[in-house]
Amino acid sequence: MWPSAEVPRAEPGPEAGPHGGGARRSSEFCGSAAPTPAVTRERPSLGDLGRSSEIPVSGSSNEVARRLGTMARAGMERWRDRLALVTGASGGIGAAVARALVQQGLKVVGCARTVGNIEELAAECKSAGYPGTLIPYRCDLSNEEDIISMFSAVRSQHSGVDICINNAGMARPDTLLSGSTSGWKEMFNVNVLALSICTREAYQSMKERNVDDGHIININSMCGHRVPPQSVIHFYSATKYAVTALTEGLRQELLEAQTHIRATCISPGLVETQFAFKLHDKDPEKAAATYERIKCLKPEDVAEAVLYVLSTPPHIQVGDIQMRPTEQVT
């Protein structure tokens with residue numbers, strides 16, 4: 001095992017990219033004021049660059065996982081034995097994505113600031129006999145030197161990165177009118193700068209090895225498409241709007257570079273992780289209520305969306321997938 005990277009935890013806490021969104025007016029995070037019909041466009045062509053596909057979760061959240069999973073499995077064979085980097089893999093969405101990729105036979109470098117949970121997950125995957133391998137790596141994504149060191153280790157020990165999944169993210173309850181500068185910087189450093197540095201280094205890793213079919217996936221949030229009426233989320237939402245813009249800019253630059261490396265943004269609504277408990281760390285009752293107002297997505301739903309994106313044929317560009325629950329809790 002290498003030194004490791006702990007991404008300010010990628011999901012379970014304020015450190016999770018895809019947390020936000022909801023379908024009720026009283027929803028705590030990033031959802032529309034009222035549920036609106038979701039349109040599913042399942043494999044946008046290159047002509048659909050920049051457009052969105054919305055994936056609704058109807059009934060049990062496991063239903064979307066089964067639907068996407070069926071489509072995804074057939075196209076995952078070409079990724080077998082290749083290497084994927086998953087940031088924020090210590091819990092929540094990051095852990096679910098890492099597990100799903102290992103099940104598909106990939107080598108997965110899962111990074112976070114602390115790697116105890118990733119080490120346990122790696123042992124579980126090995127015990128289960130999954131064909132892939134999970135490699136824990138300790139790295140503080142708010143520190144550029146740590147990120148560069150991680151990519152250097154991947155290069156020297158595993159050739160390089162073929163898939164980069166920028167999942168790590170975090171939120172602090174710092175409002176625009178009274179928030180702390182340190183809280184804003186912490187969110188910006190992880191949600192925007194770390195994502196951009198990992199993207200740059202992943203692309204350079206692919207380019208130097210003539211990898212022309214790599215994939216960069218940014219786990220965003222519905223907060224990156226609409227600003228919720230909760231002041232504690234406003235700066236976080238701004239960082240997620242930045243992810244939306246960065247992903248589209250990345251797609252344009254990849255086209256200009258005449259490469260077939262693809263870029264996709266996955267924007268879930270509220271995912272049932274520890275996100276709310278990290279955000280409302282002084283009010284656990286309020287945090288718990290967040291997940292009771294709507295039927296939340298599960299980390300596994302987002303992992304299945306990742307598999308779906310990776311399974312599409314190399315000539316297809318999936319732009320932005322927006323995921324949100326369609327069933328409310330009554």
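Please read all numbers here as calculations on a predicted model, not as lab measurements.
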Does the pair Leu101 and Leu310 meet the rule for a side-chain contact (heavy atoms from CB on, under 4.5 Å), with working shown? CA-CA 10 Å; Leu101 294 177; Leu310 291 174; 3.7 Å; yes
Is there a donor-acceptor contact under 3.5 Å from the side chain of [X] to the main chain of [Y]?
X	Y	result
Tyr241	Cys223	no
Ser196	Val192	yes
Asp212	His260	yes
Thr87	Ala168	yes
Asn117	Ser90	yes
Ser152	Ile148	no
Ser237	Ile233	no
Arg209	Ser205	yes
Arg262	Ile316	yes
Asn143	Glu145	yes

Mind checking who shares a hydrophobic cluster with Val211, ILVMFWY linked at side-chain heavy-atom distances under 4.5 Å? Tyr203, Met206, Ile216, Leu250, Leu254, Ile261
List the steps, then state whether side-chain contact (heavy atoms from CB on, under 4.5 Å) holds for Leu255 with Gln317. CA-CA 11 Å; Leu255 285 173; Gln317 169 76 65; over 6 Å; no
Report the C-alpha distance between Ile219 and Val306 in whole Å, list the side-chain angles of each, state the deciding distance to 0.1 Å, and finish with yes or no for side-chain contact (heavy atoms from CB on, under 4.5 Å). CA-CA 9 Å; Ile219 305 298; Val306 169; 4.1 Å; yes
Is atom CG of Leu177 surrounded by more than 12 heavy atoms (other residues, nucleotides or ligands) closer than 6.0 Å?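 No, because the 6.0 Å sphere around CG of Leu177 holds 12 heavy atoms or fewer from other groups.
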So does Glu208 have more than 12 non-hydrogen atoms from other groups sitting under 6.0 Å from CD? yes
Arg99 and its side-chain hydrogen bond (donor to acceptor under 3.5 Å, both in side chains) partner, picked from Glu300, Glu124, Gln104: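 Exactly one option meets the side-chain hydrogen bond (donor to acceptor under 3.5 Å, both in side chains) with Arg99, and it is Glu124.
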Tell me whether Lys298 is salt-bridged to Glu304, with the criterion being a basic N under 4.0 Å from an acidic carboxylate O. no
Evaluate the side-chain proximity of [Y] to [X]: yes if any heavy-atom separation is below 4.5 Å, no if none is.
X	Y	value
Leu106	Trp79	yes
Leu307	Gln103	no
Thr264	Thr247	no

Pair [X], [Y]: side-chain N/O donor-acceptor within cut-off below 3.5 Å:
X	Y	answer
Gln252	Glu248	yes
Thr244	Asp320	no
Ser180	Arg172	no

Applying side-chain contact (heavy atoms from CB on, under 4.5 Å) to Phe235 and Asp174, what does each step give before you reach the verdict? CA-CA 7 Å; Phe235 193 93; Asp174 290 285; 5.9 Å; no
